[in-house]
Structures are given as structure tokens and as C-alpha cells.
Trainee: 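Below: one structure in C-alpha cells.
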Protein chains: 2
Amino acid sequence: MKGSREGGDMEEEPDLEALQAWKERVGQELDRVVAFWMEHSHDKEHGGFFTCLGQDGQVYDDLKYVWLQGRQVWVYCRLYRKLKRFRSPELLDAAKAGGEFLLRYARVAPPGKKCAFVLTRDGRPVKVQRTIFSECFYTMAMNELWRVTGEARYQSEAVEMMDQIVYWVREDPSGLGRPWLPGAPASESMAVPMMLLNLVDQLGEADEELAGNYAELGDWCAQRILRHVQRDGQAVLENVSEDGEELSGCLGRHQNPGHALEAGWFLLRHAIRKGDSELRTHVIDKFLLLPFRSGWDPDHGGLFYFLDADGLCPAQLEWAMKLWWPHSEAMIAFLMGYSDSGDPALLRLFYQVAEYTFRQFRDPEHGEWFGYLNREGKVALTIKGGPFKGCFHVPRCLAMCEEMLDALVSRLA
Amino acid sequence: MKGSREGGDMEEEPDLEALQAWKERVGQELDRVVAFWMEHSHDKEHGGFFTCLGQDGQVYDDLKYVWLQGRQVWVYCRLYRKLKRFRSPELLDAAKAGGEFLLRYARVAPPGKKCAFVLTRDGRPVKVQRTIFSECFYTMAMNELWRVTGEARYQSEAVEMMDQIVYWVREDPSGLGRPWLPGAPASESMAVPMMLLNLVDQLGEADEELAGNYAELGDWCAQRILRHVQRDGQAVLENVSEDGEELSGCLGRHQNPGHALEAGWFLLRHAIRKGDSELRTHVIDKFLLLPFRSGWDPDHGGLFYFLDADGLCPAQLEWAMKLWWPHSEAMIAFLMGYSDSGDPALLRLFYQVAEYTFRQFRDPEHGEWFGYLNREGKVALTIKGGPFKGCFHVPRCLAMCEEMLDALVSRLA
């Protein structure tokens, strides 16, 4: 791959007007998306956020999913911190109310650190997952709250929870409550090192001491993610054995193209931070181009949700559906890949994904994006939020793309 | 509703030729379906059945799902016992090998009765569900094995497991391992009294002593199922509170039309056995006609998988898909309803569902039915079996329909 982010030796001169137009389009969309969540999702009585919202924003269930509470706090703080036009007391107050809700209710049995997966509107635990993800989004929320408020108690919460997560992942998972069963293969889901690498990036931002503390962990995460490239570099597999080998059966062949693309930009950011140009090239090849080639539907466009590495039919009912988040992640990944490498093929892929995404997922009528399309691209669920869709992937994508497009435009102008 | 199964005062004379033709069609289809499973699913090395089968029967995963092991043993024994043309040693031997596999491996920690949800090919537990369903299908398998072989050890297994299940449901569920969480509503899924009522019917068949032992339990199950009719009789809800009231949110509004129809024929059989004509009329109205009215897709035909009682969009990605089993259950329910009541509207509904089902789900090329269609009726997953689809709903439906059509034809001829 020719070109580099430092040099100007790109193969083709990018179209400045097109970049500028997308920058404006993305920025305007971000405003509309944030307005949707601000109007419909705030629980002014109990704090925290409603995320089960219908097409027009109507609350169809008042359960509070901890992943989505943490994610929305993170998004609000991040926007407040990074983009001047979002520096409003309303956004900050809602983020703080969400943070207090998490501090008070997320943990199932304090002082134990295990968090619930979903809470009632007033904070009573409904379900607990035996994974680390509620805790990861709790950590992201607390770290961002500290960054915008300067209150040390948020940062202590973040760092203590991070320690607990790392202990569960690298030392002893028994606190998560999963039973040991002799037939269950010791396997690693790519989600775990991905989330940890994202946390390393989050906690280490402009914080040399923490960045140093987590440097070895970041390298470990990157190595673990890279082990998911299997079959002589021809496939990214979602699950591998503890030794980094392919597992048998559906579990082993399972592919999630959106997840691979998301891992791609986590890894790319890690490689850029480390100045590792070999890793940058490898990541673009294996985590951006390869998942796109196998994951993009040649007939109807859009990224499949799941695939089987042998090309068999996946057993998940939703495998061929087009979900919003793989497309948000692909937009980030290709624009970051282009910004880093200058390879015009990556910019073309960004445009291809962004055109599909804006055409199929946007709701021009009520704002926010639909989350779930059928294979042909028709809206299958009219909801704007639910147990797994909240205020996160869309605004994160738009804010990051706006920032990257702005940098590209400035560089060229 | 006029007419009764005893009398001949039907409103319209049914078309004998149409009934005869459907009887033959159904019988031939049953032969093809059983041939598919006999050819592709038997694990001759370890006993038990492969159920992860591709369109042409190819094994794409060798995990053994305990629900499906128990169900296939039950189907094979039932066919062997009820239909002369299936009285083959090959069928019986496969059923016995499946039964021995279950006896040896289904329980996670013998002598404890909790069974795994899925096992490796050689019987090591992979996952455990904190529900009663593996144990229910284990019980059905063991009772049928006793009926065809006369070996008392199978019946002891069935009766002891049944005692355990009843204890978990009516006395103390703590052995199932579900944590108590203060925000989780005490709710009842209709699946639980349904499965128990089905077991009461299974164990009590031609067995006066057991039928007597379980008579009170059968009435209790029927009453519990009937409490799922809510909103002044206008909706069957899948989940209700422990007091039989509607629950709040999505959980409370959740509807599963195929499940309601299946509960319908379980209840109808119970009402016929008890000679309760008021209950028969109520069941046909609330569990057959009502779920069909709300559950049948007016645009594309077929039964929706899930609905929301307020007409909102369900949050399950697969809500609008058409699954094979609600259609199999609807065929049984409408034909049983017609056989019992003589109401020609029910025969018309049987034909409507059967025509859709045979047209959309059958695979004329390789045998067995597809399991998962999209909303428009196109095959979404080409698999013939998977973690939840095995040798059960299709052959049960076809065998029961063949028997009912045969009785109707004999009655009219």
C-alpha cells in the first residue's frame, strides 16, 4: 500500500468538495441524532436513560439496560468535551444524572463489582449477564465523567472497575459466575480483548501514567485479537481456542464482519499510537479489506450480520439482516484507514458504506437511525432503540467521522 | 358454534375427496420426512442424533441438543407404536440408542436430575439452561420407550423425572439455579403449564393409575394456561404475573401466536378428555381463532413469530419471520378443532394453513421442511435442522393430521 498519513504522495488527489460535503452531512446528522436522544430518552425522575424508543421516540418499555446507560453517559461527555457546539449544561446534567444512576444501582451486590445487565426504571436488578460488558461500559462512563467534571470519585470508580475486569479476564473468571462444564471448549470471544483494548485507549488518553500502566495490557489485547485471523490469513473468526486455534463446529466457523471491522479501527489506533507501520498494513488488510470482501452482500448491498467461514448457512435467524452498528463501525474503520494510509481504495469504501448507510438506515421523518433492516434493505423493526441499541454507535461514528473529515479537509485546503 | 363431534348436524357437508386427498398428501409427506432423518441424523458411533443438518442433510455441527434428542426418541417410538408402516427394527434401534445416550449423558451431575441443554457428540455437557424443558423432553422420551419396549426402567426414569419437574414448578424452583433478583417480576411463561399439561397427557395415556395421580395437576395446568387470556378475552399473552395479571412493558405485551395455537390443542384434548363442552368452546374461540386472527400476516400469509399486544413493533429481530413450527401446530389445532366441533370454518382454516405450509416450507428436492422463512415467505435459512429444529414438530403434525384425517374420512365414507 502506497502513501502514508505524513506524506502527500497519494495515488489520487481526493475530491475536496466531496470530503467537505460529507463533513457537513455528517455534522448535521450528528445534531439531529443527539436532538432525538435529548428529546426522548431522559428520565428526569430517576436519572438515566430510556432506550426502548419507537420510531417517533415514544417509550415502549422503561427498563434500563446497563450497557446502554454507560454508553450514553460516555457519548454525552465525549461530545461535551470534544465538540464546542455540544458544550451545553443540559447534556452535562443528563450525563451526570446517568452516572449517578449507575453509581447507585448498577452493581448487583455492592461492594461486589459485578453489574446487572438490565435494571428496572428505578434501579432494581432484573437480569445479570455472566460477562464483563456491563462493567466495561460502566468504566467508560466513569472515566469520561471524570474528564468533563474533574471529580476524582468518578476516576476512582473507573480505575477500580478496570482492575476488576482485568482480573476476571487474565487471572480468574470465577467471579463472573459461569459454571465450568467439561464439554464446553475453552474459547475466547474476540469481543473480550477488543473491549479491553478500547478501555486501554480510553483510560490512557492524555494520561501518561495510566497509559504506561496499561501498555503491556494493550499489547496483550492486540496480540489476542490478532490470533482471530485464521486459515492462513483468509478469515477473521469470532471465537478461537485458548491456544489461538480454530474451534470445531459452528462456534469455530462463526464470523461477524461488523465486529472484525470495529476491531480493525481499535487495532489501527493502537498501531498508530505505537508507530508500528507493519501492524498498520496488516490490520488494514485483515480487519478492514478482508471482512468487507466476505461480509458485503453483493446482491443487495450492506454488511451481513453473521457468516460461516465455510460459506454454510449460519444457524442464527438474523444472520442475513443488515444492522446499523456494523455499518457505523465500517464508516469509522475505512475513514481511519484512509486518513492513515492515504489509499484511495479505502476512501471509496468509506463512500460506498456511507451512501448505503445514510440511504437505508436514516429516518428523515423522526430522526435517529433504524437499527434493523432485512436482507433486501427494508426496515424490519421500526424501533429506534431497544435492549441493544441506544445512543452510542451512531453518534460515536458521526462524531469520529466529522473529526476525521475535518482533519482531511484542513490538510488538503 | 353448532355441530358436535358426536352428531352429524354439521352446517356444511365436507368435501370427502378433499379430505381423502389431504390424508394421502400428509401420509406421503410423513414418509419423506422420516426418511430424511433416518438417512442423515443417526450417530451410529455414539448413539443419539445429529440435528444440525444442512439442506441436503449434511451434518454441519455435531453438538447434541438434549431437547431434540428426547423429541426424536419420542417421535420414533410414537410412529413405531401408532402406525404399522413404521414398525421397523431400524426405527426402534435408533430410538433405543437415543434413549441410552440420554440415560448415560443427559444429566449434568448424576444422581441430580438437572439435564444439560447441549452435549458434545460423545455426551459431555456444553451448556445448561435454567429451565425445565430438557427434563420434559427426557421424560417424554422415556415414557414412549417404555411403551414400545415394555422395559420398566424407562418408565421409572420418566416418573421420577416427572416428580422432579413438578417439584421445581409447584414447590421450589431453586434447584434450577436461577438467581433471585429484586427487579425481576415474578412471572409465568405459558410454556411451563403447557409442557406440564402435555406430560400429563403423555404419562396418562391408557394408564388409569397415572392418569388418576396426575388429574389434579392436569386441571391446575389448564387453569394456569387459561390465565394467559387477558384484556377481557381479547389477547393471549405469553407471560403473566404470578397472580395471573398482565405484566408491564414488552414482557407483558409479548405474544407468540404459534404457542397459543399449540396450547389450544393441548387444552382442547384436555377438555375433550374431561367432557367439558364449555371449555371446548372457550378454547376454540380464544386459543385457535383469536391467535389466528391477530397472528396471520394479511399481506404475505403465514403466522408471525412474535407480536406485541398493543400493535407496537416487537424488539426481537425475528418477530416477522415465518417459522415452521407455529404452522405445524396450527394445522394440528384447526384439524382437531374441526374434528371436535364440526365447524366448517375450522376446516377452512386448516386448509388455508396447510396450503401455505406445504407450499412454502416443504423442500421437494431434499425432503424435510425449511424452518425459517422471511416475512415474504422466502427461505431465509436453508438448514433443515439446528439447535431448535429437529425431528419433532413436522412428523408429529403429519402423524396427528394423518390420524385425524383418516378418522374424518372413515366417519364420512
Side-chain angles (χ1 to χ4, degrees), chain A residues 52 54-55 58-64 105 108-109 116 118-128 177 179-185 248-253 305 308 310 312-321 323 371-372 374-376 378-389, chain B residues 52 54-55 58-64 105 108-109 116 118-128 177 179-185 248-253 305 308 310 312-321 323 371-372 374-376 378-389:
Chain A
C52 291
Q55 178 170 5
Q58 183 203 352
V59 178
Y60 65 83
D61 198 316
D62 64 6
L63 288 176
K64 290 186 178 146
Y105 301 119
V108 180
V118 54
L119 304 164
T120 58
R121 183 182 174 189
D122 61 359
R124 289 167 292 129
V126 178
K127 272 185 202 156
V128 182
W180 179 83
L181 290 166
S248 71
C250 289
L251 184 72
R253 298 193 306 270
Y305 191 22
D308 176 291
D310 282 349
L312 302 175
C313 176
Q316 290 87 1
L317 275 60
E318 65 276 31
W319 76 269
M321 290 179 77
L323 271 66
Y372 307 93
N374 68 11
R375 184 172 185 167
E376 290 76 20
K378 219 179 101 187
V379 174
L381 280 75
T382 56
I383 57 175
K384 292 290 173 51
F388 293 95
K389 182 174 188 290
Chain B
C52 291
Q55 178 170 4
Q58 184 202 352
V59 178
Y60 65 82
D61 198 316
D62 63 6
L63 287 176
K64 290 187 177 146
Y105 301 120
V108 180
V118 54
L119 304 163
T120 58
R121 183 182 173 189
D122 61 359
R124 287 167 294 130
V126 177
K127 273 186 202 156
V128 182
W180 178 83
L181 291 166
S248 70
C250 289
L251 184 73
R253 299 193 305 271
Y305 191 23
D308 176 291
D310 282 350
L312 302 175
C313 176
Q316 290 88 2
L317 275 60
E318 66 275 32
W319 76 270
M321 290 179 76
L323 272 66
Y372 307 92
N374 69 11
R375 184 172 185 167
E376 290 77 19
K378 219 178 102 187
V379 174
L381 280 75
T382 55
I383 56 174
K384 292 291 172 52
F388 293 95
K389 182 173 188 289

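Treat the numbers as computed from the prediction; the structure is a model and nothing was measured. Naming convention: chains lettered A, B, ... in sequence-line order (proteins, then strands); numbering from 1 in each chain. Heavy atoms only: backbone and side chains are in, while hydrogens, waters and symmetry mates are out.
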Trainee: Among Gly249(A), Pro182(A), Ser248(A), which residue forms the greatest number of heavy-atom pairs with chain B at distances under 4.5 Å?
Mentor: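 Looking at each option in turn, the highest pair count goes to Pro182(A).
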Trainee: What option among Ala380(B), Pro125(B), Ala184(B) has the most heavy-atom pairs under 4.5 Å with chain A?
Mentor: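 With the most close heavy-atom pairs to chain A, the winner is Pro125(B).
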Trainee: Working to the nearest 0.5 Å, report the span between CD of Gln55(B) and CG of Leu312(A).
Mentor: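 Reported to 0.5 Å precision, the distance equals 12.0 Å.
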Trainee: Pair Leu317(A), Leu323(B) - check side-chain contact (heavy atoms from CB on, under 4.5 Å), show working.
Mentor: CA-CA 10 Å; Leu317(A) 275 60; Leu323(B) 272 66; 4.3 Å; yes
Trainee: Please state whether the side chain, the backbone, both or neither of Pro387(A) comes within less than 4.5 Å of a heavy atom of chain B.
Mentor: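 It is the side chain, since no backbone atom gets that close.
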Trainee: For Leu119(A), is it the side chain, the backbone, both, or neither that has a heavy atom closer than 4.5 Å to a heavy atom of chain B?
Mentor: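 When you check distances to chain B, no heavy atom of Leu119(A) falls under 4.5 Å.
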Trainee: Checking Lys127(A) against chain B: side chain, backbone, both or neither under 4.5 Å from a heavy atom?
Mentor: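 Backbone only.
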Trainee: Given Tyr60(B), which of Pro314(A), Cys313(A), Cys250(A) fulfils the side chain to side chain contact (heavy atoms under 4.5 Å, CB included) condition?
Mentor: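 Only match with Tyr60(B) under side chain to side chain contact (heavy atoms under 4.5 Å, CB included): Cys250(A).
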Trainee: With a 4.5 Å cut-off on heavy-atom pairs, point out which of Ala109(B), Ala315(B), Gly385(B), Gly386(B) contacts chain A the most.
Mentor: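 Option with the top pair count is Ala315(B).
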Trainee: Among Arg253(B), Glu318(B), Lys389(B), which has the most heavy-atom pairs under 4.5 Å with chain A?
Mentor: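 Highest number of pairs under 4.5 Å: Arg253(B).
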Trainee: For Thr382(A), which atoms come within 4.5 Å of any heavy atom of chain B: side chain, backbone, both, or neither?
Mentor: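 The answer is both parts of Thr382(A).
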Trainee: At a 4.5 Å cut-off on heavy atoms, which part of Ala320(A) comes close to chain B: side chain, backbone, both, or neither?
Mentor: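 The answer is neither part of Ala320(A).
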Trainee: CZ/Arg124(B) to CG/Leu181(A) distance, rounded to the nearest 0.5 angstrom?
Mentor: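 With rounding to 0.5 Å, CZ (Arg124(B)) is 11.5 Å from CG (Leu181(A)).
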Trainee: Please answer whether the main-chain N or O of Asn374(A) pairs with a side-chain N or O of Arg375(B) as donor and acceptor at a distance below 3.5 Å.
Mentor: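 Side chain of Arg375(B) to backbone of Asn374(A), a donor-acceptor pair under 3.5 Å: no, none is there.
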Trainee: Nearest 0.5 Å please: distance from the CD atom of Glu376(A) over to the NZ atom of Lys378(B).
Mentor: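 Spacing of CD (Glu376(A)) from NZ (Lys378(B)) equals 4.5 Å.
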Trainee: Name the option with the most non-hydrogen atom pairs under 4.5 Å to chain B; the candidates are Asp308(A), Ile383(A), Val59(A), Leu381(A).
Mentor: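 Top count of heavy-atom pairs under 4.5 Å with chain B: Leu381(A).
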Trainee: Which one wins on heavy-atom pair count under 4.5 Å against chain B: Asp62(A), Thr120(A), Asp61(A), Asp310(A)?
Mentor: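 Most heavy-atom pairs within the cutoff with chain B belong to Asp61(A).
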Trainee: In terms of heavy-atom proximity below 4.5 Å to chain B, should Val128(A) be classed as side chain, backbone, both, or neither?
Mentor: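 Interface part for Val128(A): both.
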Trainee: For Tyr372(A), is it the side chain, the backbone, both or neither that has a heavy atom under 4.5 Å from a heavy atom of chain B?
Mentor: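 Just the side chain, heavy atoms under 4.5 Å.
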